[in-house]
Q: 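The following block contains the structure, expressed as structure tokens.
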Amino acid sequence: MPPIVTPPEIERRHKVHESDNGSGRRPPTDKRTGGNGEGDSDNWNDRPQGRRGPRERLSQVRMGVFFGLFAVLMFFIAIVSAFFVTRASGHFDAYSKYVNEWLPTTIPSILWLNTAVLILSSASAEMARRSMFREEDVMDEWIGLSRRTSQRATAWLTLTLALGALFLAGQWVAWDQLAAQHVFFKSNPSSHFFYLITVAHAVHLFVGVGALIAALIGLRRSHQIASRQIFVDATVWYWHAMGLLWLFLFALLEFGQ
Amino acid sequence: MHLTQAIVTGQSFWHLPVDASRHGPALDAHLLLNLWIALSLLALAHLILLAGLAFRRRASRPVHTLLLEYIPLAALTLLFAFLAARAQQLWAAQRYTGASPAAMQVEVTGMQFAWYFRYPGADAAFGETRPSLVAPGEGNPLGLDQTDRHSGDDLVTSQLVLPAGREVDLALRSQDVIHGFAVPEMRLKQNAVPGQTAHIHFTPTQPGSYAILCTQLCGLGHYRMQATMQVLPPAEFDAWLQAQEAAASKRGQP
Amino acid sequence: MKRQSQNLRVSLLRWAWLGSLLLLGIAAQSFGQGCSQCLDNTRATPPAVQAAYRKAIYLLGGTGAALFVAGTLLIRRER
Amino acid sequence: MNVSPATSVALAPHSRWTHHRTVGFGYLAISAVAVGVGTVLSLLMRLHLSWPAWSLPLHGPILPEEYLGLVTMHGTLMLFFVLTVAPQSGFGNLILPAQIGARHMAFPRLNAASMWLTGLALLVLLTAFFVPGGSPISGWTAYPPLSATALAGPGQGEGMDVWLAAIALFSVASTLGAINTLTTIVKLRGEGMSWPRLPLTVWGWFTAALLSVLAFSVLLAALAMLFCDRHLQSSFFVPGGDLVNGVLLQHRGDGSPLLWLHLFWFFGHPEVYIAILPGMGLTSMVLANFAHRRVFAYRLMIATTLLIGLLGILVWGHHMFVAGLNPFAGSAFALSSMAIALPASAKVLSWLATIWRSRPQLTTPMLFALGFVSLFITGGLTGPILAQPILDEYLHNTFFVVAHFHLIMAMAGVFGLFCATYYWFPLLFGKMLSERLGKLHFWGTILGAYATFLPMHLTGLAGEPRQYAQLTGVPGPAGQLLQTTLPLQNHITYGALFLACAQLPFFLNLVLTLRSRLRASQNPWSATTMEWAPQAADELATHRDPCHYAEDGVLFLGQWEPDATSELPPE
């Protein structure tokens with residue numbers, strides 16, 4: 001940094017303050033309202049790309065989340081392909097008979113309940129997401145008439161968080177039940193995979209829970225409704241993906257063994 | 001005859017070792033063809049590169065994409081397709097089918113850091129091995145189960161001795177980690193993976209002793225995990241086998 | 001004249017893509033043959049394991065390639 | 001850090017720590033440490049091979065397990081922390097935003113976090129030298145069961161655990177970095193920067209980032225499973241009844257080491273392209289820049305970059321032809337591997353056509369780009385040979401393979417890095433590296449590279465396996481076989497020493513230039529891509545494809561020049 005900051009630079013730095021999404025304090029809706037003392041024109045295409053619309057920052061974060069989900073999907077696909085191979089693998093015993101040690105792990109029935117809880121949590125997360133984008137309320141909140149959107153989203157997200165925690169607790173119960181039946185990680189190739197898949201998914205869900213908490217804090221703390229929208233939107237997309245992924249993994253564990 | 005052929009094809013230029021197996025000459029021919037093609041393409045490309053740089057007068061930018069890009073590309077496609085097809089033929093001939101039923105059976109076991117070879121003996125069947133019985137100190141490095149009726153006449157050696165001119169079916173196994181079974185003179189390589197048996201078959205043609213190398217990093221003794229493959233004329237091989245079996249049965253019943 | 005060469009170039013590019021897809025297709029076919037006649041290397045591997053490997057290879061390669069293509073197609077929406 | 005006024009504006013929106021240039025220099029610092037250590041390790045290996053009795057000062061003679069530790073750490077450092085980090089993350093962060101007309105990366109905090117995570121991974125990896133048992137000995141590929149149990153050898157205990165932790169951290173960091181790169185390229189391109197106008201460098205970064213996202217998570221999954229095998233007695237990769245070092249492993253089930261090979265190489269092969277694609281892109285742009293021409297068949301270059309990426313995902317089996325892979329699968333992977341030769345050849349043809357009779361300026365960056373082309377051709381031509389399973393049966397794991405990947409990946413990658421350094425130095429530091437020292441550096445390096453790696457083809461063809469800790473004192477025919485290659489091996493060692501010494505002019509150059517007061521002009525290479533634009537990113541718009549030069553090669557039009565009336569006549 002040069003030691004002396006010249007006046008034009010101060011001005012410039014002010015203009016691109018961190019919390020500025022580049023939209024020049026326009027309402028974070030898709031409607032191109034224009035005017036608003038910006039002077040020049042309604043033509044948002046004159047602006048450099050990346051700062052073009054009010055939702056530009058949102059769509060950036062969304063894209064980042066989607067590419068991240070590519071990686072998560074490949075992670076689980078790798079485990080699932082190992083699952084197929086190990087399920088079929090065995091060895092030849094002393095009588096040259098092919099022995100496969102794979103004993104399907106009985107899936108605790110509480111997982112059905114957990115799955116239902118996770119689906120519900122996804123639904124409530126979606127409610128939170130939608131409530132962040134209802135146009136009239138967003139305008140109200142942007143003008144400063146109310147914080148209805150954020151309040152509503154906070155309620156829904158809290159519900160999601162509770163349901164998510166319930167799901168994780170349910171998973172814990174499932175592991176407990178299996179342990180009571182003396183089925184541990186080490187017991188069998190099939191139980192390796194049961195634990196690996198459920199634990200890996202739970203870790204990803206923990207990240208989701210962290211994101212939910214961060215979003216809840218963000219909803220309270222953040223001054224910009226656009227930022228609040230981003231917190232909620234990114235978290236909810238991630239949460240949906242984990243829900244979908246769980247449906248796939250659960251189906252695999254329940255019917256694929 | 002052999003020498004002239006070797007000079008023509010460049011066996012010594014490329015430092016290839018002696019070729020002593022039946023499938024070797026075809027493999028060598030294909031390898032040398034590939035090497036010469038690669039070398040000439042290398043020279044050609046560098047010539048074009050240097051010539052393009054050396055011209056002192058700037059020419060107008062070449063425009064004929066078709067001529068400059070797609071025609072050489074088509075030629076290269078044909079070339080690579082031809083090489084791939086030829087390689088697939090050789091690969092299929094060697095690997096797609098099994099050894100003939102008359103092939104001699106030998107089992108090869110790799111372990112840190114030695115190779116052991118097992119001949120099935122007169123009953124033409126290998127006895128059972130169990131990891132729990134492995135005791136190199138007591139002369140049972142493979143864990144041969146002596147209660148199995150097939151194991152009595154099994155012959156375990158630390159040198160692979162083979163008759164010239166007869167097809168051999170090697171069953172590769174490993175006791176601990178992945179090892180690589182390679183005999184450069186036989187143009188042969190296959191990993192021995194623990195938990196599975198890999199079969200390779202080949203026919204040695206020239207008597208001599210050849211190096212068996214480990215070609216898959218297997219631990220600190222990887223560099224000294226070698227054995228010798230001794231290829232003998234058939235008559236000498238029979239004599240060797242009988243002598244070994246006699247010695248083994250003497251050891252078996254003191 | 002220029003447009004013609006442009007068209008030619010585009011169609012040749014398309015052929016190049018088709019050609020590479022064809023090569024991949026041949027590759028996929030030889031997966032599909034299974035290993036009924038293959039006695040040697042895999043003689044000790046039961047067909048179920050071979051099938052499992054095949055499935056796993058398809059799954060891994062297929063998902064990877066599909067995501068790669070999806071990634072490149074996705075960006076076409078972003079002008 | 002010396003920041004020019006133009007960049008301080010770009011610094012404004014984010015703190016100094018999350019600024020993309022800081023992050024980029026951080027990445028370069030990480031790989032500088034890694035390349036230093038990795039080079040020393042490789043020289044130690046060469047010295048030990050030529051003079052086995054030589055004892056390392058303060059240490060003593062190099063034991064076989066220590067040699068394999070050198071092999072493992074050299075491979076891991078170079079492949080992960082140099083060839084992945086420097087071109088993709090280092091120069092990616094330094095140049096990418098400016099080249100697409102953006103002011104910053106999409107997620108600056110995430111970006112900084114992944115840089116620090118990479119640094120942490122390097123630190124963790126380097127501790128492997130000091131844990132009991134020393135560094136792991138199973139190579140950068142870490143094939144189980146050798147890597148699955150501490151019984152398999154020294155270094156496979158704590159050393160291997162440290163390795164796993166380091167690579168897991170690295171995988172997470174690279175994935176995050178790649179997400180950032182992808183989002184930046186897709187979302188932050190400046191006004192007028194449409195897809196076909198993107199410089200090929202950006203296409204290289206894009207494809208490599210997409211591959212990173214797909215490949216590193218598979219590696220992470222494999223590492224997690226290997227960790228379970230090591231510490232939780234599972235058997236993903238360990239077969240039943242495995243007897244290691246006289247101990248019967250108590251794992252449940254029948255895993256297969258082949259499964260690790262599949263998962264590892266599903267990552268490992270794309271990794272090779274991650275290392276080289278940015279270099280390919282940069283070479284294309286630099287060749288065109290100094291030939292004062294447009295890149296020949298620009299769209300085809302974009303298509304081949306993507307095609308190489310796509311095919312790169314589907315060819316991993318060619319590392320496993322003799323590893324117990326089904327021979328039919330071998331055929332399939334052989335065909336898809338041969339298919340990659342075509343887009344690669346198309347790239348070479350396009351490079352040759354670009355410089356054909358262009359009377360280029362032979363500046364140092366241009367020389368390194370030409371060196372890249374030469375090494376790419378030389379190393380690339382052995383690729384189709386190794387892609388044929390029947391020939392791989394002879395050449396697999398011999399020095400032929402070592403020669404192949406060192407030429408096409410390591411040396412070409414390093415030439416790409418030097419090209420980037422010389423080319424972008426004026427942009428990054430406002431000073432020009434000395435051309436005279438630069439040329440000396442280039443000639444020394446290319447001579448050294450060829451002197452070191454060409455003879456390896458011959459020792460490989462003679463049948464000499466790689467990763468042998470000692471070539472002398474081996475009894476029997478094997479000893480004779482190794483003996484025949486010794487003269488060539490000594491030659492290789494001298495070549496390697498020469499190659500290392502050839503880097504001295506580079507360091508001299510860096511020091512002298514950074515200390516001099518001479519400022520470079522704003523666009524010393526007459527480059528046309530956006531990073532050389534004189535304006536700040538805020539006022540920039542892209543108006544045309546890169547590399548617009550007049551027929552005589554004197555006049556040029558940058559992508560940023562708005563003047564449409566003085567448009568150069570089409571070439």
Side-chain angles (χ1 to χ4, degrees), chain A residues 1-2 5-6 8-10 12-18 20 22 45-52 56-57 59-68 70-79 81-82 85-86 89-91 99-102 184-193 195-196 200, chain D residues 3 5 8-9 11-16 101-103 106-107 110 175-176 178-180 182-183 186-193 209-210 212-222 224-225 228 232-236 239-241 251-256 258-259 262-263 266 537-538 540-541:
Chain A
M1 281 302 220
V5 181
T6 50
E9 214 170 301
I10 295 174
R12 199 186 285 279
R13 198 179 306 163
H14 177 73
K15 192 173 142 201
V16 283
H17 185 262
E18 182 133 18
D20 185 3
N45 287 323
D46 284 348
R47 297 176 160 276
Q49 198 152 6
R51 312 181 52 192
R52 190 162 288 153
E56 198 65 32
R57 203 154 58 102
S59 77
Q60 262 174 47
V61 174
R62 249 186 215 169
M63 176 146 284
V65 170
F66 281 143
F67 279 124
F70 276 24
V72 173
L73 182 61
M74 280 316 284
F75 178 86
F76 280 99
I77 288 292
I79 293 180
S81 39
V85 170
T86 309
S89 297
H91 63 274
V99 194
N100 183 335
E101 277 190 28
W102 182 279
F184 302 104
F185 178 86
K186 295 176 189 179
S187 305
N188 188 271
S190 148
S191 70
H192 299 342
F193 276 102
Y195 279 95
L196 185 68
Chain D
V3 186
S8 66
V9 174
L11 263 178
H14 306 287
S15 89
R16 196 190 316 199
R103 292 172 305 151
F107 310 116
L110 187 76
T175 309
L176 294 179
I179 290 170
N180 199 355
L182 284 174
T183 313
V186 177
K187 283 289 182 188
L188 293 190
R189 279 167 298 129
E191 188 62 38
M193 184 57 92
L210 201 48
S212 300
V213 164
L214 299 178
F216 273 104
S217 45
V218 173
L219 177 68
L220 190 63
M225 287 192 260
C228 292
L232 301 171
Q233 273 103 58
S234 61
S235 56
F236 299 113
H251 293 247
R252 300 300 299 267
D254 302 284
S256 167
L258 265 193
L259 189 56
H262 274 294
L263 293 177
F266 182 85
D538 279 350
L540 273 183

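Small disclaimer: the values here were computed from a predicted structure and weren't measured.
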Q: What distance do D/Gln233 atom CD and A/Lys186 atom NZ have between them, rounded to the nearest 0.5 Å?
A: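 So the gap between those two atoms works out to 4.5 Å.
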Q: Does any non-hydrogen side-chain atom of A/Ser187 lie less than 4.5 Å from one of D/Arg252?
A: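 No; the side chains remain at least 4.5 Å from each other.
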Q: Answer yes or no: is there a side-chain heavy-atom contact under 4.5 Å between A/Tyr195 and D/Cys228?
A: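 Counting from C-beta outward, A/Tyr195 and D/Cys228 never come under 4.5 Å.
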Q: State, to 0.1 Å, how close A/Phe75 and D/Ser217 come at their nearest heavy-atom pair, and which atoms those are.
A: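 Closest approach of A/Phe75 to D/Ser217, heavy atoms only: CD1-O, 3.5 Å.
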Q: What distance do D/Asp254 atom CG and A/Trp102 atom CH2 have between them, rounded to the nearest 0.5 Å?
A: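 Between atom CG of D/Asp254 and atom CH2 of A/Trp102 there are 12.0 Å.
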Q: Considering only heavy atoms from C-beta outward, does the side chain of D/Leu188 approach that of A/Gln60 to under 4.5 Å?
A: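 A side-chain contact exists here, since the closest heavy-atom pair is under 4.5 Å.
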Q: Measuring heavy-atom distances to chain A, does D/Phe216 have an atom under 4.5 Å in its side chain, in its backbone, in both, or in neither?
A: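 Neither the backbone nor the side chain of D/Phe216 comes within 4.5 Å of chain A.
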Q: Side-chain contact test, heavy atoms from C-beta onward, threshold under 4.5 Å: evaluate it for D/Ser235 versus A/His192 and give yes or no.
A: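 D/Ser235 reaches A/His192 side chain to side chain.
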Q: Which atom pair, heavy atoms only, marks the closest approach of D/Leu259 to A/Thr86?
A: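 D/Leu259 and A/Thr86 have their closest heavy atoms at CD2-OG1, 4.0 Å.
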Q: Can you give me the closest heavy-atom contact between D/Lys187 and A/Ser59, atom names plus distance?
A: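 Minimum heavy-atom separation between D/Lys187 and A/Ser59: NZ-OG, 3.0 Å.
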Q: Mind checking the CZ-CD1 spacing from A/Phe67 to D/Ile179? Nearest 0.5 Å is all I need.
A: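 Answer rounded to 0.5 Å: 9.0 Å.
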Q: Examine whether an atom of D/Leu232 lies under 4.5 Å from a heavy atom of chain A, and if so say whether it belongs to the side chain, the backbone or both; otherwise answer neither.
A: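 When you check distances to chain A, atoms from both the backbone and side chain of D/Leu232 fall under 4.5 Å.
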Q: Shorter than 4.5 Å, heavy atoms on both sides: which option in A/Ala82, A/Ser81, A/Ser89, A/Gly68 has the most such pairs with chain D?
A: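 The option with the most such pairs is A/Ala82.
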Q: Give, as side chain, backbone, both or neither, the part of D/Ser256 having an atom under 4.5 angstrom from any heavy atom of chain A.
A: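 Interface part for D/Ser256: neither.
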Q: Among D/Gly240, D/Ala221, D/Ala106, which has the most heavy-atom pairs under 4.5 Å with chain A?
A: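 Top option by heavy-atom pairs under 4.5 Å: D/Ala221.
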Q: When rounded to the nearest 0.5 angstrom, what distance separates OG1 in D/Thr183 from CZ in A/Phe66?
A: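 One finds 11.5 Å between OG1 of D/Thr183 and CZ of A/Phe66.
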Q: If I measure from the heavy atoms of chain D, does A/Val61 come under 4.5 Å with its side chain, its backbone, both, or neither?
A: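 It is both, since atoms from each part get that close.
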Q: Would you mind checking which part of D/Leu110 comes under 4.5 Å of any heavy atom in chain A, side chain (CB onward), backbone (N, CA, C, O), both or neither?
A: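 Neither part.
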Q: About how many Å separate CZ of D/Phe236 and CD1 of A/Ile79, when rounded to the nearest 0.5 Å?
A: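 Between atom CD1 of A/Ile79 and atom CZ of D/Phe236 there are 8.0 Å.
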Q: When rounded to the nearest 0.5 angstrom, what distance separates CE in A/Met63 from CZ in D/Phe107?
A: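 Atom-to-atom, A/Met63:CE and D/Phe107:CZ are 9.5 Å apart.
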Q: With a 4.5 angstrom heavy-atom cut-off, which part of D/Leu263 approaches chain A: side chain, backbone, both or neither?
A: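 Side chain only.
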Q: So which of A/Phe184, A/Phe193, A/Phe70, A/Phe76 has the biggest tally of heavy-atom pairs under 4.5 Å with chain D?
A: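 The option with the most such pairs is A/Phe193.
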